[in-house]
Amino acid sequence: MTAENTERPELPKAYEPKEIEAKWYAFWKEHGYFHAEPDPTKTPYSITIPPPNITGSLHMGHALNNSILDTMTRWHRMRGFCTLCLPGTDHAGIATQNVVERNLAAEGLTRHDLGREKFIERCWQWREQYGTRIYYQFEKLGCSYDWQRVRFTLDESYVDAIMEEFRSWYERGLIYRGTRVVNWDVKFQSAVSDIEVEIEERKGKLYHFRYPFADGSGFITIATTRPETLLGDSAVAANPADPRYQPYFGKMLRLPLANRDIPLVADEYAKPEFGSGAVKVTPAHDLNDFECGVRHNLPQHIVIGKDGSMTPLAGPDYAGLDRFVARKKVVADMEALGLVEKIEDYTIQTPISERSKEVIEPLLSEQWFVDMKPLAAPAIEIVQQGKIQFVPERYKDIYLRWMENIRPWCISRQLWWGHRIPVWWTEETESGADGQPATGRRHCFARTKEQAVAALGTENCWQDEDVLDTWFSSALWPHATLGWPQDSADLAYFYPTNLLSTAQEILYLWVARMIMTGLDFVKRTEAPDSDGLLEPDGRTRSILPFRDVYVHATVLDEKGERMSKSKGNGIDPIDLIEKYGADATRFSLLQQAGKNQDIKYSEQRTDLAGNFCNKLWNASRFVLMNLNETTTGDLPARDQWTVPDRWILSRLDTTIGLVNAALATYDMDDASRALYAFFWDEFCDWYVEMAKTRLRAEGEEKSVAQNLLAFVLETTLRLLHPMIPFITEEIWQALPHAGESLCLASYPTATGDWQDAAAETAMSLTIATTRAVRNMKMELNIPPGTRLTAAALPADATAQAALTSNAELIASLARLNVLNIVTTAPGTDSGKWIATPVVGAEIYLEIGDALDIGKELERIAKELTAVTKQIERSEGMLSNPNFVDRAAPERVAEERQRLTEWQAKHASLEERRRLFSA
RNA sequence: GGGCGGUUGGCUCAGUGGUAGAGCACCUCGUUCACACCGAGGGGGUCACUGGUUCGAAUCCAGUACUGCCCACCA
């Protein structure tokens, strides 16, 4: 690299993240660095980010995930990939309708007051006003997304994709109309899918009721947690193998309150060990009961309506009552009849709607379903073949288990905000086969009334009132955002995408469905095997949507509890960015983004990450103020490198290798740890300190030091940039560099050329010696400024060479007068020297009259204890014939060598103890 | 009920067979030369428990306890 910048802006004394972050984001955006166009000369790397809801603002989960996504994006961009990270938002049916309805409620209105059209207008207004504020927040976080390609799930082109998806599945019979017990959200008056239901343990009661036989010959006891459903009972079931009920199967029972007769049926669904072994069957209000009802051909009495109140079928005493009011009344009425056997306290697994937090009412209703089995099969195969990788790997099994047990997907929602179902109905009366009039309903796929009229052959038709589940549209995200169903150049180039990183709770809701739709809709005749599955024709492949699925950790509060609005323990990442800067916010999250499932986040983490940024800032300022106009930042010729230079380059090479390897496996914690340790512990604490002497010199010694400082710092900035983009850009611009932005600089790769074991050994000895001297001074309470004389007695020629070449450095770092390299121990007889053994040498410090014999004996005793422990351990191993015979020979040799070293230390300490004791 | 994680110093976490680590907190010392958002030094852990495999276990296996998450139609 040769520096191109002649003007180098100076770094302000204080690190002010706010100013530099705003400045550089604007710069990057203005220069279009984040925009990607297909480039056949490069390898593509693409990500379509999980589209946040338009109701959303950045939360900690977003901050974590987008820090990861942006780190991966920037890393690949620097590595020379044609890199696209495509952002967008999700219309989020229920969530958006929820907030808009809440706003209406504040005006005393309901959506029905407005009517469908006006209500949808309101939703659009909301989206215009707030729907894109999250983009601004992503920018604050530093995300290098392609803002020219933002997508929204209600964009015209996106709607085309959804229509195509629906048409295809409808025509193939995968979408069908079914009557099922669905999870009914009473608040939204809509069905919700199984995965949008949370189970919450709530305290409740288990009511034991008596149902008398119709002939008056006694009763059967049943238990229920939902007494109001009694009114809809069609039967009582007991297990066919249950001897208690065998004599009575087929007999009729008199259903209390409703006063109708219902049979006792034999069904294995009743478990003899629970309660009395008999269970009431309410086919319209419970999924199990529904299935049981189908088996026994039982009537389905819908007694709870869509609004959660009792229907006329519940009888005149109950009709119109809220379900919970009706519950109390049923219990009271049963008590009045003397039919309550007992009421127990009971913990009920209560289904709650994720969005409205209302208790779900299982309700029999007609809905649109998708048959998932045929779609799941290839999605299972592709993962089993390892073409889609899950990180951490355990999610693969979780995914497969769910896919293998996949159930039909209820896709219709009784909402207004969303994609209206493109099905048109007509109803006509004709003669049935037995001469009775029959009502026939027909439907067809159509996007417009004209199409519907043509298909149905009648003007008398209307569009289905329902909208599609939000996830029906997000399921298409990777290919629909890239242009599908058109054969776009983007789709051809950027698809399949490389990475899908997301939270674990939407693995089924979203990830699994994207895999299914991707494979089902994107087909290519010329694609490598790794991109998909071969179709039966032997030429076409169905293409996977992404290669890696990374499931990131959940960000919890510092007590380990989920952050939630209701608990008020949430942290707004924007506040953190304001306070500590985006870089510190990102770095603190990435440091914790390891293999652990949870992150217990506390603000202190970001504060500490800010300290790292500050350290980076100050060390860089030091380097910059010591450069001059002639500093190019080029790596000096190898014969000019000193031992510390060789050492820092060797360490840098190792760090480069570690960081690249960690990023490749999404180990953000390892990458950040490696860089943190390299920069702070090695570069700042030792290399920069050692460079200070050289910077005071003149000529070549100085210029080599200057260029190396600039070179190592510049390389470190490139390594750090994907994680902390702003501060690194600011410093990089001030350093000698080539190119207009660090965004586009090349990412360092480890070559091994700088690896230097000899320099590392020499530096270990240098560092150990320095520490030994400092330690001795400290332990004897010698003021740090006191300049003493020290001596080092090397154990061998290598140590001798290393100490000789670094003697001045050590003297300077440990604040000594001089460090003499000696061949015999200095005058121990004088009693004015103290010593510490290190690996490779014995270090002596002349302290003259400052010597406190008592203290020194204490110090020696402490060291002896430690050394003795090691010797015992080592001797124990070596005297074990099993170890000597069975362990690897090099391991045994290593242990012998170690023992020798410990013994030498021990002897030296003993000798000194003898002297001082005398 | 089934499945999957976690349990390492006061706190938050690294560490998958060979001398127990980091950051923070704590104690001592230090504001002349980038940084007190700092520097130097130090103390602190029988790696949850029990058993097994192994020459050798924080690490592998089995079980136990506690804890978290996901899935599931027990009234």
Side-chain angles (χ1 to χ4, degrees), chain A residues 11 13-15 181 194-195 199 206-207 222-226 229 237 269-271 273-276 278-282 286-292 346 348-349 362 392 394-395 397-398 401-402 405 504-505 507-508 554 556 558 560 562 584 591-592 594-602 604-605 607-608 610-626 669-670 673 676-677 680-681 684-685 688-689 692 696 770-771 774-779 781-785 813-815 869-870 873-874 876-877 880-888 891-892 894-895 898 902:
Chain A
L11 290 190
K13 190 164 180 353
Y15 166 52
V181 172
D194 292 344
I195 30 197
I199 303 292
L206 184 63
Y207 302 88
I222 56 89
T224 181
T225 54
R226 293 159 61 212
T229 62
Y269 147 57
K271 301 285 176 262
E273 62 280 4
F274 189 93
S276 66
V279 57
K280 64 196 255 336
V281 180
T282 322
D286 184 286
L287 183 59
N288 290 312
D289 292 9
F290 170 77
E291 284 164 1
C292 177
Y346 198 72
I348 304 173
Q349 310 282 314
R394 63 175 175 274
Y395 288 104
D397 290 332
I398 295 173
R401 201 173 309 120
W402 190 77
N405 297 309
Q504 56 203 57
E505 64 257 29
L507 199 59
Y508 310 128
T554 308
L556 307 171
E558 54 193 316
R562 244 192 156 71
Q591 279 177 312
Q592 297 177 89
K595 297 106 218 158
N596 208 337
Q597 242 186 315
D598 299 325
I599 292 175
K600 276 189 208 170
Y601 177 83
S602 74
Q604 193 198 21
R605 303 294 300 231
D607 190 27
L608 294 170
N611 290 357
F612 177 75
C613 292
N614 192 58
K615 184 75 178 175
L616 179 59
W617 183 263
N618 282 303
S620 301
R621 253 183 355 106
F622 173 79
V623 171
L624 285 165
M625 66 181 63
N626 281 288
D669 56 335
D670 290 342
R673 215 190 333 274
Y676 185 102
W680 204 315
D681 303 342
C684 292
D685 288 353
V688 169
E689 290 308 315
K692 284 179 178 172
R696 283 193 283 267
T770 307
R771 287 197 166 135
R774 286 170 175 170
N775 172 276
M776 286 186 276
K777 286 172 87 170
M778 197 76 180
E779 296 245 320
N781 293 333
I782 295 166
L813 293 168
R815 307 181 80 170
K869 203 175 120 194
Q870 294 301 334
R873 191 197 133 270
S874 215
M877 282 172 80
N880 180 344
N882 285 325
F883 173 70
V884 181
D885 296 346
R886 299 198 203 184
R891 172 73 200 118
V892 178
E894 187 190 340
E895 198 57 42
R898 200 172 280 167
W902 288 118

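For the numbers below, each heavy atom of this structure counts, side chains included, while hydrogens, waters and symmetry mates do not. We name chains A, B, ... by the order of the sequence lines, and we start the count at 1 in each one.
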Fill in: Presence of donor-acceptor pair under 3.5 Å, side chain of A:Lys615 and base of B:C37
no
Worksheet item: Counting only distance, no hydrogens or angles, is the base of B:A34 paired donor-acceptor with the side chain of A:Glu689 under 3.5 Å?
Response: yes
Using atom types as modelled and distance alone, determine if a side-chain donor or acceptor of [X] lies under 3.5 Å from a backbone N or O of [Y].
X        : Y        : value
A:Asn614 : A:Gly610 : no
A:Asn405 : A:Arg401 : yes
A:Lys777 : A:Arg815 : yes
A:Asn626 : A:Phe622 : yes

Practice prompt. Go through B:A75, B:G18, B:U19 for me and flag the one nearest to the A:Arg891 side chain.
Written response: B:G18
Taking the [atom1] atom in each of [N] and [M], what is the distance between them to the nearest angstrom?
N     : M     : atom1 : result
B:U59 : B:G15 : C1'   : 9 Å
B:C24 : B:C38 : C1'   : 15 Å
B:G51 : B:A57 : P     : 14 Å

Discussion item. Regarding A:Phe290, tell me which of base, sugar-phosphate or nothing describes its non-hydrogen contacts under 4.0 Å with the strands shown.
Written reply: nothing
Practice prompt. For A:Lys869, answer base if it contacts any base atom (sugar-phosphate contacts may also be present), sugar-phosphate if it contacts only those atoms, and nothing otherwise; contact means non-hydrogen atoms under 4.0 Å.
Written response: nothing
Response to the item:
Under a 3.5 Å limit on both distances, the Watson-Crick or wobble mate of B:C73 is none
Worksheet item: Using purine N1 to pyrimidine N3 plus N6-O4 or O6-N4 for Watson-Crick, or N1-O2 and O6-N3 for G-U wobble, each under 3.5 Å, what pairs with B:U67?
Response: B:G5
Distance, rounded to the nearest Å, where [X] contributes [atom1] and [N] contributes [atom2]:
X        : N     : atom1 : atom2 : answer
A:Leu624 : B:C35 : CG    : P     : 14 Å
A:Glu895 : B:U19 : CD    : P     : 8 Å
A:Asn614 : B:C37 : CG    : C1'   : 5 Å

Worksheet item: In chain order, what residues pass the side-chain contact (heavy atoms from CB on, under 4.5 Å) check against A:Asp670, with sequence neighbours excluded?
Response: A:Lys595, A:Ala662, A:Asp667, A:Arg673
Fill in: Side-chain donor-acceptor contact under 3.5 Å, A:Tyr269 with A:Asp289
yes
Response to the item:
Ranking A:Tyr508 and A:Arg873 by the position along RNA chain B of their nearest nucleotide, the one closer to 5' is A:Arg873
Worksheet item: More 5' along RNA chain B: A:Asn775 or A:Gln349, using each one's nearest nucleotide?
Response: A:Asn775
Worksheet item: Has A:Lys869 got more than 12 heavy atoms of other residues, nucleotides or ligands less than 6.0 Å from its NZ?
Response: no
Worksheet entry | Base-contact (B) and sugar-phosphate-only (S) positions in nucleotides 21-33 of chain B, heavy-atom cut-off under 4.0 Å, - elsewhere | --SS---BS--B-
